[in-house]
2 protein chains.
Amino acid sequence: MATIKDVARLAGVGVGTASRAISGNGSVSADALARVNEAVAALNFRPSTTARALSTRSAGMIGIYVPDFAGDFYGPILHCVDRELRAANRHMVAANGCGPADISIDDMEAHRQQALDGIEFLIERQVDGLLVMGDALTDADCDALWERVPRLVLLNQVSPSNLLHCFSSDHELAGRLVARALLAKGHRDIACISGLQYAHDNASRMAGFHSELALHGVKIPKSRQMVGDFSFDGGHAAATKLLKKGLNFTAVFCANDMMAMALISCFGHAGVRVPEEVSVIGYDDSALARYTHPRLTTLSIPIQRTAISGCRFLLNQCYGLSLPVEREFPPEVVWRESLLDGPHAG
Amino acid sequence: MATIKDVARLAGVGVGTASRAISGNGSVSADALARVNEAVAALNFRPSTTARALSTRSAGMIGIYVPDFAGDFYGPILHCVDRELRAANRHMVAANGCGPADISIDDMEAHRQQALDGIEFLIERQVDGLLVMGDALTDADCDALWERVPRLVLLNQVSPSNLLHCFSSDHELAGRLVARALLAKGHRDIACISGLQYAHDNASRMAGFHSELALHGVKIPKSRQMVGDFSFDGGHAAATKLLKKGLNFTAVFCANDMMAMALISCFGHAGVRVPEEVSVIGYDDSALARYTHPRLTTLSIPIQRTAISGCRFLLNQCYGLSLPVEREFPPEVVWRESLLDGPHAG
DNA sequence: CTGAAAGCGCTTACAG
DNA sequence: CTGAAAGCGCTTACAG
């Protein structure tokens, strides 16, 4: 591998000049520039990113923590972030929650620890900035993290002490929109399957959902409130339990589309027809929502735009850029076929 | 941030000794070790990975290229790789195919270029080794790549000049198993939807599928051979076209589960019942296969084990480790409910 | 076992 | 505009 010394020698200039010519920082005569460029080409020179990182104290990389690479939620986010980073000539080091294969779904502490471990790992890798997809982190965790690494943006969660560094849709409002959609269609006997208990976005959406319902005088009995974990399996288990208690509801809200799909499958096998007998509404508007049968009516949050803006904000902070960033990511329901008129319609 | 000089001073030793104590390379007296450890703790010292990288000429990071972070295929792979890497105290820099949003599904050249760009990006980032998920790369591309970076393992594709660095199931055999499953169930009027044309794993499975069928005297007319792209949308479009030509088949093979699911949805909306009227068999045994309705009979390839072994092999090459690696990743069909007896059964 | 020194490959004041 | 030099924070022969 050629080093900058080699190109300086070949170009007949000092290494300082070579460096200035190559990096574009500092001025060089047209003549010197040309000779350096020639030498670079001749030697097929590529500056060492690690040497550069050491002297500039900037690794040129951003860490991103996501709870899980599997599932259909985080992939599109990684995709966007990769694109943004590469457009800015930076790269991404990604980590997800690792650990004991089977953590119980209500073991918040284990999930929290996984997130903390993954983030710690990234910090130790000396990333310039950190993107973290909200999960089981407490506000105190976030504060502690921001204390250590100010260049951390929280995605899909808002932690009150540092709103500027949080990028998220309003999940509470989104939950309300779900409730309104159900109500508007004339459903009052409703069931629900929530996501991971300690995930903040889940908590917000369920809170909004229930309180909007309450506003209109409908209360979901505990026996019709199931807890899932955002996975197919969790959704299926919850749907099974729900069914065991009898079909005393006309619609169910699933806190994400994967669980909605699992529920449709479960109900189908049990011989209850969706949406004729029971309507279902999902959440996320993920890719599969258009391909379940029936197609899913679901709540869409612009998660990719959220991630892009969070990423750009971070890039601006870390490298003094001024990429445009949005702050509003309004949720909306997208109507398809899984939600039909209920008994109280019209 | 404390540097190793600070800890050396505090511990009252030379920086060489401090370095040996901290890194564990080279011997130090128990006494010195203790003092260094104390100093490390007192200063909360973390060695700079980039300085270390510069002097050891090893960045401690492995690049991984996957065609797409979205979809349900690559997520689980990233998950495994992250786990393996972190267990070895290394990290992952990931890149996926970026570029113009809408590349036509048969624009092999554009896909190939995307892969080449992503890999180039990773190489420039000076990763110690490279994991690449096979995609539109030609054998010549692979050879050129191996020439430049010998520490590259190819996943899910085999390129003949360097079998040692390829980790993949035998997709050709897998295609044959699909054909045998269909034949065994008494189907002879068959349709199929292939995946991305230029993806090698797709080509192999379709080749195996068709030639095994031919061995038993069944030939699928062109009019029943659709081409998809592994996505829901592509599968749906292909299924729609298939239906337009009439229902003159009793079973269809979809080259992955997402397309199978899209097909089931499409057929369902068109009023043709799966599996009563037409059976379907998928490929991958992805997470959703158990949650379609009917549940999917599908071909399972142990892709995670494949990725893990490829990753370990690379780790062994790059860092002189000797992690165990497997070489056999046998495919098998997993029977569920979407494939019923056909007219020639029994 | 240990310390002083050179080196990894860049960047960036500094003096000219 | 330019070159010589110091520095980024480690590691690793080398001599003792």
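Small disclaimer: the values here were computed from a predicted structure and weren't measured. Convention: sequence-line order gives letters A, B, ...; per-chain numbering from 1. The figures that follow rest on heavy atoms only: side chains count, while hydrogens, waters and symmetry mates do not.
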S.K.: Are B/F73 and B/I303 packed together at the side-chain level, in the sense that at least one heavy-atom pair is separated by less than 4.5 angstrom?
M.R.: yes

S.K.: Just to verify, what does B/F69 make a ring pair (Phe, Tyr, Trp, His ring centres under 6.0 Å) with, not counting sequence neighbours?
M.R.: none

S.K.: Which parts of residues 45-63 of chain B get close to DNA chain D, meaning a heavy atom less than 4.0 angstrom away?
M.R.: B/F45, B/R46, B/P47, B/S48, B/A51, B/R52, B/S55, B/T56

S.K.: Out of the candidates A/L164, A/L323, A/L321, only one should pair with A/F313 under the side-chain contact (heavy atoms from CB on, under 4.5 Å) rule; please name it.
M.R.: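 With A/F313 as partner, A/L164, A/L323, A/L321 yield a single side-chain contact (heavy atoms from CB on, under 4.5 Å), made by A/L164.
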
S.K.: So what stems show up for DNA chain C if we need 3 or more Watson-Crick or G-U pairs in a row, all under 3.5 Å?
M.R.: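 C:1-3 with D:14-16, C:5-12 with D:5-12, C:14-16 with D:1-3 - these are the stems of 3 or more pairs that involve DNA chain C.
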
S.K.: Tabulate below the donor-acceptor pairs under 3.5 Å that side-chain atoms of residues 24-35 of chain A make, not counting sequence neighbours, or state none.
M.R.:
{"residue": "A/S29", "atom": "OG", "partner": "A/A32", "partner atom": "N", "Å": "3.1"}
{"residue": "A/D31", "atom": "OD2", "partner": "A/R35", "partner atom": "NH1", "Å": "2.5"}
{"residue": "A/R35", "atom": "NE", "partner": "A/A11", "partner atom": "O", "Å": "2.8"}
{"residue": "A/R35", "atom": "NH2", "partner": "A/A11", "partner atom": "O", "Å": "3.4"}

S.K.: Give every residue pair that meets the side chain to side chain donor-acceptor pair (under 3.5 Å) criterion with at least one member in residues 308-317 of chain A, sequence neighbours excluded.
M.R.: A/E84-A/R312

S.K.: Among residues 7-26 of chain A, which residues get a heavy atom nearer than 4.0 Å to DNA chain C?
M.R.: A/V15, A/G16, A/S19, A/R20, A/S23

S.K.: Can A/H79 and A/D82 be counted as having a side-chain donor-acceptor contact under 3.5 angstrom?
M.R.: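 Per modelled atom types, A/H79 and A/D82 side chains form no pair under 3.5 Å.
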
S.K.: For B/H111, check ring pair (Phe, Tyr, Trp, His ring centres under 6.0 Å) against everything at least two apart and list the hits.
M.R.: B/Y198

S.K.: Would you list the pairs meeting salt bridge (Lys or Arg N to Asp or Glu O under 4.0 Å) in which at least one residue belongs to residues 5-20 of chain B, sequence neighbours left out?
M.R.: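 As it turns out, the salt bridge (Lys or Arg N to Asp or Glu O under 4.0 Å) pairs with a partner in residues 5-20 of chain B, which skip direct neighbours, are B/D6-B/R9.
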
S.K.: Sorted by first residue and then second, give each side chain to side chain donor-acceptor pair (under 3.5 Å) pair with at least one member in residues 145-155 of chain A; sequence neighbours left out.
M.R.: A/E120-A/R148

S.K.: Show which side-chain atoms of residues 36-49 of chain A pair as donor or acceptor with protein atoms under 3.5 Å away, not counting sequence neighbours.
M.R.:
{"residue": "A/S48", "atom": "OG", "partner": "A/T50", "partner atom": "N", "Å": "3.3"}
{"residue": "A/S48", "atom": "OG", "partner": "A/A51", "partner atom": "N", "Å": "3.0"}
{"residue": "A/T49", "atom": "OG1", "partner": "B/Q126", "partner atom": "OE1", "Å": "2.7"}

S.K.: For the pair A/D135 and A/Y65, evaluate side chain to side chain donor-acceptor pair (under 3.5 Å) and give the outcome as yes or no after the intermediate values.
M.R.: CA-CA 10 Å; A/D135 190 30; A/Y65 175 79; 4.7 Å; no

S.K.: Which part of the nucleic acid does B/T3 contact within heavy-atom distance under 4.0 Å: base, sugar-phosphate only, or nothing?
M.R.: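 Counting heavy atoms under 4.0 Å across all strands, the contact made by B/T3 is with sugar-phosphate only.
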
S.K.: When you list every nucleotide of DNA chain D with an atom under 4.0 Å from a heavy atom of chain A, which one comes first 5' to 3', and which comes last?
M.R.: D/dC1 to D/dG9

S.K.: Please list all pairs meeting salt bridge (Lys or Arg N to Asp or Glu O under 4.0 Å) that have one or both residues in residues 53-70 of chain B, counting only residues at least two apart or in different chains.
M.R.: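 Applying salt bridge (Lys or Arg N to Asp or Glu O under 4.0 Å) to every pair that reaches into residues 53-70 of chain B, excluding sequence neighbours, yields nothing.
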
